Amino acid sequence: MELSELTDKSIDYIVDGLCDELAKDKPSLSEWERNFVISIEDQWRCNRSLSDKQKEILGKMIGG
């Protein structure tokens, strides 16, 4: 997924989906990915912004 495709609405959707994954008994995310999601969720909810690098990693995590 290209950075330009990551709109606020799409980031909301992705972060919500990844948080749902974290809530599972056995999430399919690695420990690093879990910590990353926790970190960006808090940042996104408070500031509504992510760095380009964070967006790039988020896009890679969802298969982009």
Side-chain angles (χ1 to χ4, degrees):
M1 179 171 271
E2 297 293 323
L3 290 180
S4 61
E5 296 175 308
L6 288 174
T7 63
D8 285 358
K9 188 174 182 174
S10 65
I11 292 172
D12 280 333
Y13 181 79
I14 294 165
V15 169
D16 286 344
L18 290 172
C19 288
D20 288 347
E21 179 64 26
L22 288 178
K24 292 180 179 178
D25 286 336
K26 295 186 179 197
S28 63
L29 303 172
S30 70
E31 181 179 353
W32 187 92
E33 290 171 324
R34 290 191 300 269
N35 290 332
F36 177 77
V37 170
I38 291 166
S39 173
I40 65 162
E41 180 206 11
D42 188 47
Q43 180 180 342
W44 181 249
R45 303 281 184 230
C46 292
N47 302 321
R48 301 291 296 173
S49 68
L50 298 176
S51 70
D52 286 347
K53 186 65 174 176
Q54 288 169 315
K55 289 178 183 179
E56 181 182 324
I57 293 168
L58 190 61
K60 288 179 182 178
M61 286 179 65
I62 62 166

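Worth saying up front: this structure is predicted, and the values here are computed from it rather than measured.
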Exercise. Looking only at non-hydrogen atoms, find the nearest pair between Asp8 and Trp44 and report the distance.
Key: OD1-CH2, 3.3 Å
Quiz item: Between atom CD of Gln54 and atom CD1 of Ile11, what is the distance when rounded to the nearest 0.5 Å?
Solution: 9.5 Å
Quiz item: Is there side-chain contact between Glu33 and Ile38, with heavy atoms separated by less than 4.5 Å?
Solution: no
Practice problem: Could you give me the CA-CA distance, side-chain angles and deciding distance for Leu58 and Lys53, then say whether side chain to side chain contact (heavy atoms under 4.5 Å, CB included) is met? | Solution: CA-CA 9 Å; Leu58 190 61; Lys53 186 65 174 176; over 6 Å; no
Exercise. Supply the atom-to-atom distance Ile40 CD1 to Ser49 OG, rounded to the nearest 0.5 angstrom.
Key: 11.5 Å
Quiz item: Is there side-chain contact between Glu56 and Leu6, with heavy atoms separated by less than 4.5 Å?
Solution: no
Self-check item: CG on Leu50 to OG on Ser39, rounded to 0.5 Å
Solution: 9.0 Å
Quiz prompt | Which residues share a side-chain hydrogen bond (donor to acceptor under 3.5 Å, both in side chains) with Arg34, sequence neighbours left out | solution = none
Quiz item: Are Ile62 and Tyr13 in one and the same hydrophobic cluster, where Ile, Leu, Val, Met, Phe, Trp and Tyr link if side-chain heavy atoms are under 4.5 Å apart?
Solution: no
Quiz item: Minimum heavy-atom separation for Cys19 to Glu41, with atom names?
Solution: SG-CD, 3.4 Å
Self-check item: side chain to side chain contact (heavy atoms under 4.5 Å, CB included) between Leu18 and Ile14, worked out
Solution: CA-CA 6 Å; Leu18 290 172; Ile14 294 165; 3.9 Å; yes
